[in-house]
Amino acid sequence: MPTTVITGGTDGIGRALAATYLERGHDVLVVGTSAEKGGAFLAAAERGGAGGRARFLQADLSLVPENRRVVGWITRTYPSVDVLVLGARFHRSTRVETADGFESNFALYYLSRYLLSHGLAETLGRAEQAVVLNFGGSGLTGPVRWDDLQLRRNHPGTGALGHSAALCDLLGVHFTRTHADTSVHYVLNHPGVVATSFAGEYDTATAPHVDGLRMSGKPVSQAVEQILPFLDAPPARLTAVLEGRRISTSTTAFDPEDAARLHDLTGKLLTGLPQ
Ligand SMILES: NC(=O)c1ccc[n+]([C@@H]2O[C@H](COP(=O)([O-])OP(=O)(O)OC[C@H]3O[C@@H](n4cnc5c(N)ncnc54)[C@H](OP(=O)(O)O)[C@@H]3O)[C@@H](O)[C@H]2O)c1
């Protein structure tokens, strides 16, 4: 039976994708922090007759050890993973550091996705044709602040999430090069503005703007429709999608040398943290 793993699968686009893959007969694991939302997902699956194929794993993916625990759990539980959706986000408009000492958006939006992508590469590689969906910037959200990846100087407020999304674009580039010997395809997706919970903590200046986005965004169902064709038949090993339209990955946002540089820097940042 195919297996789908979705971080941020308890809400928004991730939750809708989880329902879609359950309907298609997949085993579906959603990962999130909220036991209440996880329980709601399991109850809905049960009502739909898919209870036996739905699982929820509670984890705070902004923490490095939690990502390692999740990778271990998935590796022990599933022989292979066919679809990995990296959708967890908690958008903070002011600078906060995690217990590991990373800027919080960097930790959840980029570092978690780095750890899960590479940590699950072997398990993904065992599927006939696996696909990873990472909600990156699709070339729109750079430039990368190479001298200040932790955004210590002039924190960009809501732009912190976009900065991490640009790092995700480079993660996709390096992942497909590093794991070129597998059949794993990688899709980077910027869905545009979608009416979801916009999970996060926003300062008083930003909060009304985010409320507006929650109201004016496209329906989640439309965001799912726009990305599913690329997950079902990825047109290349690395594909970038912007609101349902494939965009070039030959621009500077997807520079392979930058991608290798980021990969090395990330490895150094992780050195010394508990395994
Ligand atoms: N909505 C938009 O307009 C938009 C625009 C561009 C890009 N995107 C991207 O699309 C993806 C999905 O966004 P969305 O708007 O559908 O999501 P959302 O409604 O904001 O939900 C966020 C999800 O992340 C999970 N999450 C938050 N903190 C977590 C943590 N520390 N550890 C693990 N999980 C955590 C939440 O689950 P719990 O509550 O259970 O923790 C929830 O399932 C995200 O990557 C987002 O940045 C969205």
Side-chain angles (χ1 to χ4, degrees), residues 5-20 28-42 56-71 73 84-93 96 98-100 102-113 115-117 132-141 158-169 171-172 187-202 209-224 226-227 240-244:
V5 173
I6 306 185
T7 75
T10 57
D11 216 331
I13 307 168
R15 169 83 189 261
L17 283 168
T20 302
V28 176
L29 169 71
V30 302
V31 185
T33 63
S34 163
E36 197 184 333
K37 288 189 201 170
F41 165 72
L42 295 177
F56 165 64
L57 186 58
Q58 190 173 22
D60 180 352
L61 295 173
S62 67
L63 301 172
V64 172
E66 283 283 87
N67 282 279
R68 295 198 166 126
R69 178 174 70 83
V70 167
V71 167
W73 192 91
L84 171 63
V85 176
L86 301 169
R89 64 102 163 251
F90 192 84
H91 192 178
R92 282 197 176 89
S93 57
V96 171
T98 64
D100 301 314
F102 297 116
E103 193 273 335
S104 65
N105 294 290
F106 175 92
L108 180 62
Y109 209 97
Y110 166 66
L111 194 56
S112 163
R113 296 170 185 206
L115 290 163
L116 296 172
S117 295
V132 180
L133 169 63
N134 188 348
F135 288 86
S138 285
L140 286 187
T141 62
T158 51
L161 196 77
H163 185 259
S164 292
L167 303 182
C168 285
D169 287 348
L171 164 61
V187 178
L188 296 159
N189 180 38
H190 189 315
V193 181
V194 187
T196 66
S197 75
F198 278 79
E201 275 170 13
Y202 304 98
H209 173 64
V210 173
D211 284 342
L213 295 176
R214 284 188 186 109
M215 308 276 288
S216 65
K218 71 177 82 160
V220 165
S221 56
Q222 190 181 348
V224 170
Q226 287 180 327
I227 196 58
V241 180
L242 176 60
E243 299 206 56

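Note that the coordinates shown come from a computational prediction; the quantities given were computed from them, not determined experimentally. In each ligand, atom 1 is the first atom listed, and ligand 1 is the first ligand listed.
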Please state which option from [options] has its nearest heavy atom closest to [atom].
{"atom": "atom 16 (O) of ligand 1", "options": "Val220, Ile13, Asn67, Asp60", "answer": "Ile13"}
{"atom": "atom 4 (C) of ligand 1", "options": "Gly200, Ala223, Gly192", "answer": "Gly192"}
{"atom": "atom 38 (P) of ligand 1", "options": "Thr141, Thr33, Leu133", "answer": "Thr33"}

Protein heavy-atom partner closest to [atom] - residue, atom, separation in Å:
{"atom": "atom 32 (N) of ligand 1", "result": "Leu61 N, 2.9 Å"}
{"atom": "atom 43 (O) of ligand 1", "result": "Thr10 OG1, 2.8 Å"}
{"atom": "atom 7 (C) of ligand 1", "result": "Pro191 CD, 3.4 Å"}
{"atom": "atom 35 (C) of ligand 1", "result": "Ala88 CB, 3.8 Å"}
{"atom": "atom 15 (O) of ligand 1", "result": "Thr196 OG1, 2.5 Å"}
{"atom": "atom 23 (C) of ligand 1", "result": "Gly8 CA, 3.7 Å"}
{"atom": "atom 44 (C) of ligand 1", "result": "Gly87 O, 3.2 Å"}
{"atom": "atom 33 (C) of ligand 1", "result": "Ala59 O, 3.4 Å"}

Subject >> Lys218 and Gln226: CA distance, side-chain angles, deciding distance, side-chain contact (heavy atoms from CB on, under 4.5 Å) verdict >> reply: CA-CA 11 Å; Lys218 71 177 82 160; Gln226 287 180 327; 2.8 Å; yes
[Y] backbone acceptor or donor facing [X] side chain under 3.5 Å:
{"X": "Ser138", "Y": "Val241", "answer": "yes"}
{"X": "Asp100", "Y": "Leu63", "answer": "no"}
{"X": "Arg113", "Y": "Ala88", "answer": "yes"}
{"X": "Thr7", "Y": "Gly87", "answer": "yes"}
{"X": "Thr141", "Y": "Ala166", "answer": "yes"}
{"X": "Glu66", "Y": "Leu61", "answer": "no"}

Output the list of atoms in ligand 1 that are nearer than 4.0 Å to some heavy atom of [X], sorted by atom number.
{"X": "Gly12", "value": "16 (O), 19 (O)"}
{"X": "Phe198", "value": "1 (N), 2 (C), 3 (O), 19 (O), 20 (O)"}
{"X": "Asp11", "value": "21 (O), 42 (C), 43 (O)"}
{"X": "Phe90", "value": "28 (N)"}
{"X": "Lys37", "value": "38 (P), 39 (O)"}
{"X": "Val193", "value": "3 (O)"}

Original post:
Passes side-chain contact (heavy atoms from CB on, under 4.5 Å), Val194 versus Ile13? Steps please.
Top reply: CA-CA 8 Å; Val194 187; Ile13 307 168; 4.0 Å; yes
Original post:
Would a 4.5 Å heavy-atom cut-off, applied to side chains only, mark Val70 and Leu116 as touching?
Top reply: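 They are in contact (side-chain heavy atoms under 4.5 Å apart), so the answer is yes.
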Original post:
For the residue pair His91 and Tyr202, is the inter-centroid distance of their aromatic rings smaller than 6.0 Å?
Top reply: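 Yes, ring centres under 6.0 Å apart.
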Considering only heavy atoms, does [X] approach ligand 1 within less than 4.0 Å through its side chain, its backbone, both, or neither?
{"X": "Tyr109", "answer": "side chain"}
{"X": "Leu108", "answer": "side chain"}
{"X": "Arg113", "answer": "side chain"}
{"X": "Arg89", "answer": "both"}

Within-cut-off N or O pair, [X] and ligand 1, under 3.5 Å:
{"X": "Val194", "result": "yes"}
{"X": "Leu86", "result": "no"}
{"X": "Ala199", "result": "yes"}

Original post:
Taking atom types as modelled and ignoring hydrogens, do the side chains of Asn105 and Ser164 form a donor-acceptor contact shorter than 3.5 angstrom?
Top reply: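 Asn105 vs Ser164: no donor-acceptor pair found between side chains.
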**OP:** Please lay out, stage by stage, how Leu167 and Tyr109 fare under the test side-chain contact (heavy atoms from CB on, under 4.5 Å).
**Re:** CA-CA 9 Å; Leu167 303 182; Tyr109 209 97; over 6 Å; no
**OP:** Check whether any heavy atom of Thr7 sits under 4.0 Å from an atom of ligand 1.
**Re:**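 In this structure, Thr7 fails to qualify as a contact of ligand 1 - no heavy atom is under 4.0 Å.
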Subject >> Verdict with reasoning, Leu17 to Val224, per side-chain contact (heavy atoms from CB on, under 4.5 Å) >> reply: CA-CA 7 Å; Leu17 283 168; Val224 170; 4.0 Å; yes
**OP:** May I ask you to decide whether Glu103 forms a salt bridge with Arg92, counting only side-chain N to carboxylate O separations under 4.0 Å?
**Re:**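 Salt bridge absent between Glu103 and Arg92.
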**OP:** Scan Asn189, Leu140, Leu188 and name whichever one has a side chain to side chain contact (heavy atoms under 4.5 Å, CB included) with Leu242.
**Re:**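 Per the side chain to side chain contact (heavy atoms under 4.5 Å, CB included) rule, the option paired with Leu242 is Leu140, out of Asn189, Leu140, Leu188.
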